[in-house]
Amino acid sequence: MENHTTTDPGVAQRYRVCAVEEIAENGGVLADLGHREVGVFKHKGRLYAYDNRCIHQGGPVCSGELLGATKLELDEGKQARREILDEDEMRLVCPWHGWEFDLLSGQAAHDRRYRLRRFNVTVEDGVVYVDA
Amino acid sequence: MSTDTILQARVLPNRRQDHYLVNAEREAQQRGLFDVPIVDCDSHCYETVCFPEIVAYIESPNVRRSFQFTSLESIQANLIPQNLGDRNVGGRLHPGGGYGAQEGAYPLDERGANLHPVAATTLRSMDALAIDYTILFPTPMLNIGLHPDYDMQNELTWAFNRWLVEDVIPNDDRLLSMPLLPIHDPEQCLRHIQAFSGRPGVVGFMVTCLQYQPLHRNVYMKVFDALNERGLPLAFHSAPNWTERPFAVLDSFLGAHALGFPFYAMVHMTNVVLSGLPERFPNIKWMFMEAGQAWVPFTIARLDNEYKQRSSEAPLLKRLPGEYIRDFYFTTQPFESHDRASDTRAMIDMMNGSQTLLYASDYPHQDFDTPAAIWDQPRFTEEERRAIVGGNAMKLFELSSPPAGVSAHATGARDAEDVR
Ligand code: FES
């Protein structure tokens, strides 16, 4: 059994989500657990699970885009050279107002004190499970 | 944690929920907002797709032909002034469910099918957001004041207002409007005020802030007089304009959007106050829209300070400028929540906000606020929350109380037990 993220404390129920191959690299699925929705995302083979409730105004953050962080490259003279989307720093972007969250930690990109609620996600015999 | 029973989750295709506001509906339910009167003082339609209907109300045969022989895309691109800027940040923001939005349109039930599609989609989003009344404003027509052809401004404004007041608003008592005044032309304004005041759902008039008319000039006084006589609210609806010279130095829409709204609101509000319009027309309720709040204490401080030094330049004033401004009304969206709740509280106190703030969603525009943006403010009392989300607007617009929970069922929103 592979454990992908640390769990939030509290009593949780285990849910079978889907086969691990059904989640594309740099993609995700949205799972309706009945009492909440959870997004499960894959990046560099690891899985991350978050509550589909944005900490801003409660928007469906897990139905948003998964994109590399925008970086502006400067040259030695501090002149702007080019913008890139850095896929080593993936962001989950809330589709309501665009707040961006670091995929690995769930922290808001603009203020690391705030983060999305994260859930334990495991893979067993090729099946993805979430405890929530 | 129990792993004895493993439950099966339902995987939602393409990470899409049933509709765009599922979460908003759930949050409103959890807060009991379906039992609180909520008035949305600024929501929008996307009227471009409705131009085939609007065109029918254009009076000039040649202007009408221009619209009849132009595709909707070209109408948007060539016949209505544009407002530059990528609202959706390179596809990061997904558009909401207004009629004519690219995607995310609402599933309507059979009652919705009998309504005008703009009314039906608006009511459906109101149901999800727990909103009892909404005042519906245009989208591209907010730029009409930038059109260099004043006849075109007159023709389009008249046609748009007729369409809104005659075809859309009468679909439901919960839909309200403040028709747009072509403020460059005082005679035309009088025609609009005469034609539309007193019509069902008309609760005042609106001037777009994206125009350059010096409203202190004598020629406009007959317009204010007509509004004053009727005791009607006059709203100044703001918008950004990235191509305006001061903003053309900015390299992002973020900057132009953040500063543009309060910039135009500030200029027009300053002119209203310093030219003594509230003294001349004491029955008009002045209202400023879509510029947030932080600019209001700033403007009060700047004007009060200057007024003390040069009051002879504003001879009609009997009080400090800030005292007039504290009697004006301001819509909340975008509600600027400060990091420290005490700062948000101070901002509201400086502008007398508990008496004068009017909740606005701006839905379905990309920076919309749900009622929870106000309801969840930690330093607001219950009474203040109720006043801001609906009570202040109910008094201002003399609206009758909606029956509790009306918005949950009016157009077939899902039953309460379906809303988690
Ligand atoms: S609700 Fe997610 S950014 Fe606003």
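Chain naming here is simple, since letters A, B, ... match the order of the sequence lines and numbering starts at 1 in each.
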Next on the checklist: Any side-chain to backbone donor/acceptor pair from B/Asn23 onto A/Gly58? Under 3.5 Å, distance only.
Outcome noted: yes
Next on the checklist: Counting only non-hydrogen atoms closer than 4.5 Å, does A/Leu85 touch chain B with its backbone (N, CA, C, O), its side chain (CB onward), both, or neither?
Outcome noted: side chain
Checklist entry - So what's closer than 4.5 Å to chain B heavy atoms on A/Glu100: side chain, backbone, both or neither? => result side chain
Checklist entry - With a 4.5 angstrom heavy-atom cut-off, which part of B/Val89 approaches chain A: side chain, backbone, both or neither? => result neither
Checklist entry - Is A/Asp111 atom CG crowded by more than 12 heavy atoms from other residues, nucleotides or ligands, each under 6.0 Å away? => result yes
Item to check | Proximity breakdown for B/Ala24 and chain A, heavy-atom pairs closer than 4.5 Å | outcome: both
Checklist entry - Pick from A/Val29, A/Val130, A/Leu33: which one has the most heavy-atom pairs with chain B under 4.5 Å? => result A/Val29
Checklist entry - Within the side chain of B/Glu27, is there an N or O that forms a donor-acceptor pair under 3.5 Å with the backbone of A/Gln57? => result no
Checklist entry - Counting only N and O atoms by type, is there a donor-acceptor contact under 3.5 Å from the side chain of B/His94 to the main-chain atoms of A/Gly64? => result no
Checklist entry - How about A/Asp75: does its CG atom have over 12 heavy atoms from other parts shown lying under 6.0 Å from it? => result yes
Checklist outcome for this item: With chain B, the option among A/Gly28, A/Gly27, A/Gly98, A/Cys18 that has the most non-hydrogen atom pairs under 4.5 Å is A/Gly28
Checklist entry - When you look at A/Arg14 and B/Leu7, which way does the side-chain contact (heavy atoms from CB on, under 4.5 Å) test go after all the steps? => result CA-CA 6 Å; A/Arg14 178 153 291 185; B/Leu7 302 179; over 6 Å; no
Checklist entry - For the atom pair OG1 (B/Thr370) and NE2 (A/His56), what is the distance rounded to the nearest 0.5 Å? => result 8.5 Å
Next on the checklist: Taking atom CG as the centre, does B/Leu254 end up with more than 12 heavy-atom neighbours from other residues, nucleotides or ligands that are less than 6.0 angstrom away?
Outcome noted: no
Item to check | Neighbour count >12 (heavy atoms, 6.0 Å) for atom CZ, B/Arg340 | outcome: no
Next on the checklist: Contact between B/Arg15 and A/Asn52 at the side-chain level, heavy atoms closer than 4.5 Å - yes or no?
Outcome noted: no
Checklist entry - How far does CG of B/Asp369 sit from NE2 of A/His97, to the nearest 0.5 angstrom? => result 6.0 Å
Item to check | Check: B/Val11 and A/Leu30 side chains under 4.5 Å, non-hydrogen atoms | outcome: no
Checklist entry - Is the side chain of A/Glu37 donor-acceptor paired with the backbone N or O of B/Leu12 at a distance under 3.5 Å, no angle test? => result no
Next on the checklist: Please give me the minimum heavy-atom distance between B/Gln17 and A/Pro60, naming the atom from each residue.
Outcome noted: OE1-CB, 3.1 Å
Item to check | Segment of B/Asp376 engaging chain A (4.5 angstrom heavy-atom cut-off) | outcome: neither
Next on the checklist: Can you tell me how the ring of A/Trp96 sits relative to the ring of B/Tyr20, calling it parallel under 30°, perpendicular over 60° and tilted otherwise?
Outcome noted: tilted
Next on the checklist: Minimum heavy-atom separation for B/Ile6 and A/Tyr15, please, with both atom names.
Outcome noted: CG2-C, 4.2 Å
Checklist entry - How far does CD of B/Gln8 sit from CZ of A/Arg16, to the nearest 0.5 angstrom? => result 5.0 Å
Item to check | Considering all heavy atoms, the nearest B/Arg92-A/Val93 contact | outcome: CB-CG1, 3.7 Å
